[in-house]
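It should be emphasised that the depicted structure is a prediction, and the values quoted were computed from it without experimental measurement. Nothing fancy with the numbering, it's 1 onward along the sequence.
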Amino acid sequence: LLFKPASYKFGTTYVGAKKLGPNEQYPILISEYGGGMIQFQGIHSFTSEIQAKAVVHATDKSFSMYQADIGYKGESFSAQITGVNASVINTGNLGRPLSSEDIKASITGRGANVSTWYGC
């Protein structure tokens, strides 16, 4: 028989006092720690149109993944830019700008999506 030592996880959540609607409150901070990894996620809405999110995941004392995005959502136009493991020094980065625009009230979601990847 193989016995594995017990593994515990500890998680925290914080919801701020900035209310944008009956079901929307910001900032939201979520973290989890355990089993040699830590993960943090933060979501904030600066205005009702502009929202940002960041995620950091670390294992074995080094960052294994990080992502950040910011978006704008208007009445007939939305745009978002996302960076994953973005670094000017290290290679292997992913950037993704995204935008969409409504043609008429009955036709939604026409847009452009561009992804770029560089490095190894």
Side-chain angles (χ1 to χ4, degrees):
L1 291 174
L2 277 168
F3 289 99
K4 201 173 173 183
S7 176
Y8 297 97
K9 288 189 178 183
F10 177 73
T12 60
T13 303
Y14 169 80
V15 178
K18 182 179 180 180
K19 266 191 130 152
L20 294 181
N23 296 324
E24 285 187 281
Q25 249 176 278
Y26 296 98
I28 301 169
L29 304 174
I30 302 166
S31 68
E32 184 176 332
Y33 173 76
M37 73 89 186
I38 186 166
Q39 181 171 321
F40 170 80
Q41 190 174 154
I43 305 167
H44 187 60
S45 190
F46 298 102
T47 67
S48 59
E49 293 90 14
I50 300 172
Q51 190 177 56
K53 179 180 178 182
V55 178
V56 176
H57 186 91
T59 54
D60 299 325
K61 300 178 185 175
S62 67
F63 292 116
S64 56
M65 191 280 295
Y66 42 100
Q67 173 181 334
D69 63 62
I70 188 163
Y72 169 81
K73 194 182 296 181
E75 287 186 29
S76 64
F77 173 78
S78 65
Q80 179 177 349
I81 186 161
T82 302
V84 180
N85 294 346
S87 172
V88 197
I89 299 168
N90 299 324
T91 59
N93 306 307
L94 175 66
R96 182 178 180 199
L98 170 76
S99 71
S100 66
E101 182 177 351
D102 296 346
I103 301 167
K104 294 188 212 173
S106 59
I107 303 172
T108 61
R110 181 190 79 156
N113 185 346
V114 179
S115 293
T116 61
W117 175 268
Y118 70 92
C120 299

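Considering CD1 of I70 and OG1 of T82, their distance stands at 10.5 Å, rounded to 0.5 Å. One distance of note links CD1 of I50 with NZ of K73; it measures 12.5 Å at 0.5 Å rounding.
Counting heavy atoms from C-beta outward, E32 and K9 have side chains that approach closer than 4.5 Å.
The other residues sharing a hydrophobic cluster with L29 are Y14, F40, where clustering joins ILVMFWY side chains under 4.5 Å apart.
In this view, S48 satisfies the side chain to side chain donor-acceptor pair (under 3.5 Å) rule with no residue, not counting sequence neighbours. For Q41, the side chain to side chain contact (heavy atoms under 4.5 Å, CB included) partners two or more places apart in sequence, or in a different chain, are I30, Q39, I43, K53, V55.
Panel note: side chain K18, backbone F46; a donor-acceptor pair is recorded below 3.5 Å.
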